[in-house]
Number of protein chains: 2
Amino acid sequence: MDQTERIIQALDSAGYQATANRRLVAGMVATSGGHFTAADLLERGRRERVNIGRATVFRALELLAELHVIERLDLPSGSHAYVLCDPAEHHHHLVCSGCGRSEDVADGELARLVDEIGQRNGYRIETHRLELFGKCPDCAAGTPPNGAASKASSSAGQRPGGH
Amino acid sequence: MDQTERIIQALDSAGYQATANRRLVAGMVATSGGHFTAADLLERGRRERVNIGRATVFRALELLAELHVIERLDLPSGSHAYVLCDPAEHHHHLVCSGCGRSEDVADGELARLVDEIGQRNGYRIETHRLELFGKCPDCAAGTPPNGAASKASSSAGQRPGGH
DNA sequence: CACGAAGTGAGACTGAGTATCAAATGGATC
DNA sequence: GATCCATTTGATACTCAGTCTCACTTCGTG
């Protein structure tokens with residue numbers, strides 16, 4: 001779990017206390033293996049008989065998002081999820097609609113494309129967001145259950161089609 | 001209001017009745033001039049002393065979204081909005097964080113880029129979504145109030161910064 | 001007009017997220 | 001270890017978006 005350590009590090013170096021609750025959330029985030037919602041963590045906490053308040057979980061997630069340790073995602077279903085990610089560079093997310101697993105995708109060429117669109121329309125672009133949904137190699141091959149599947153299932157994979 | 005007509009047409013040719021309520025919603029959507037939330041329409045209805053139920057507005061929006069006459073948008077603030085758009089071709093939205101106005105942006109090169117990303121990661125991509133937020137020419141020039149501004153203000157332009 | 005289907009409004013309900021506030025805890029200092 | 005203050009926490013109330021239900025109304029058709 002050196003991912004957990006990294007999160008705690010981030011908290012600490014930003015001047016926040018690494019309390020037991022925050023460590024707990026960090027641990028759950030680090031081992032999520034994909035995207036997760038606040039409700040997922042709450043549920044998991046309850047299942048594991050951990051005493052952590054609702055508000056505390058929301059606060060911890062807000063904090064981690066602020067530190068860019070996790071990032072908020074809008075699932076095609078319309079609900080909000082988070083993914084663990086690398087705070088260093090601007091990137092996007094590729095999310096498996098089968099098992100919920102997610103990959104970071106470098107911005108790469110997109111930045112240029114976005115600039116171009118902005119220029120063509122006369123807009124001064126401030127933020128852009130690209131979200132990709134599909135099936136990961138395992139799910140595409142029909143072998144979804146991979147550990148990740150079990151706990152991500154609650155929030156993954158509704159409304160795969162669309163537009 | 002030939003935009004309104006177009007929407008009614010779409011309802012009609014999909015086999016739905018173009019009732020008074022739906023015409024009303026169509027009219028509000030057509031004259032929105034930017035993105036709007038369900039709450040915006042409800043509020044506008046109340047202000048204009050129109051008697052239309054909460055559920056009816058949600059149902060109408062759902063219906064229009066299904067016909068691809070409007071499309072759902074996730075604002076950077078995390079709330080859900082809709083924009084009127086061309087049902088014909090796959091495209092994305094460029095939204096002004098100042099006045100709420102929005103432009104359709106053709107998918108263009110993005111499709112290729114998305115394919116490439118999918119291939120590189122071994123994912124079978126099902127959906128992608130690009131959302132661009134920034135300042136339109138008017139807002140960038142410091143002349144925001146343009147008619148559109150007044151009614152879009154309730155839902156536009158929070159949290160302009162970010163990653 | 002009569003009928004069944006489609007549409008509607010009121011209001012109950014649900015679930016996510018926020019706000020409040022008193023109590024607990026952390027960590028620095030003596 | 002006792003004291004102090006800032007930070008964190010949990011319980012709970014609250015707000016708000018969106019859904020569901022159900023009785024009632026309206027629509028189109030024969």
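Order of the sequence lines fixes the chain letters, A, B, ..., with proteins taken first and strands second; residue numbering starts at 1 for each chain. In this text the structure is predicted, and so the values were computed from the model without any measurement.
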For the pair B/R101 and B/D138, find out whether any cationic side-chain nitrogen is under 4.0 Å from an anionic carboxylate oxygen.
yes
Would you say [X] places a side-chain N or O within less than 4.0 Å of OP1 or OP2 belonging to [N]?
{"X": "B/N21", "N": "D/dT26", "answer": "no"}
{"X": "A/H80", "N": "C/dA16", "answer": "no"}
{"X": "A/T19", "N": "D/dT7", "answer": "no"}

Looking at the rings of [X] and [Y], which for Trp means the six-membered one, are their centres under 6.0 Å apart?
{"X": "A/H80", "Y": "B/H80", "result": "yes"}
{"X": "A/H35", "Y": "A/H93", "result": "no"}
{"X": "B/H68", "Y": "B/H91", "result": "no"}

Interatomic distance, [X] [atom1] vs [N] [atom2] [rounded to whole Å]:
{"X": "A/L11", "N": "C/dG27", "atom1": "CG", "atom2": "P", "value": "13 Å"}
{"X": "A/E43", "N": "C/dA16", "atom1": "CD", "atom2": "C1'", "value": "15 Å"}
{"X": "A/Y16", "N": "C/dT25", "atom1": "OH", "atom2": "C1'", "value": "18 Å"}
{"X": "A/L24", "N": "D/dG10", "atom1": "CG", "atom2": "P", "value": "10 Å"}
{"X": "A/D74", "N": "C/dG17", "atom1": "CG", "atom2": "P", "value": "10 Å"}
{"X": "A/R23", "N": "D/dT8", "atom1": "CZ", "atom2": "P", "value": "13 Å"}
{"X": "B/L42", "N": "C/dA10", "atom1": "CG", "atom2": "P", "value": "11 Å"}
{"X": "A/D12", "N": "D/dT8", "atom1": "CG", "atom2": "C1'", "value": "15 Å"}

To the nearest 0.5 Å, tell me how far B/K135 NZ sits from A/Y123 OH.
11.0 Å
Identify which nucleotide among C/dG7, C/dG17, D/dT7 has an atom closest to any side-chain atom of B/Q17, counting heavy atoms from C-beta outward.
C/dG7
Candidate nucleotides C/dA16, C/dG26, D/dG18, ranked by approach to the side chain of A/A39 - the nearest
C/dA16
Side chain of A/S97, backbone of A/G134: donor and acceptor closer than 3.5 Å?
yes
When you measure from every atom of DNA chain C, which of residues 50-63 of chain B have a heavy atom less than 4.0 Å away?
B/N51, B/I52, B/G53, B/A55, B/T56, B/R59
So, A/R6 and A/Q9: side-chain donor and acceptor under 3.5 Å apart, yes or no?
no
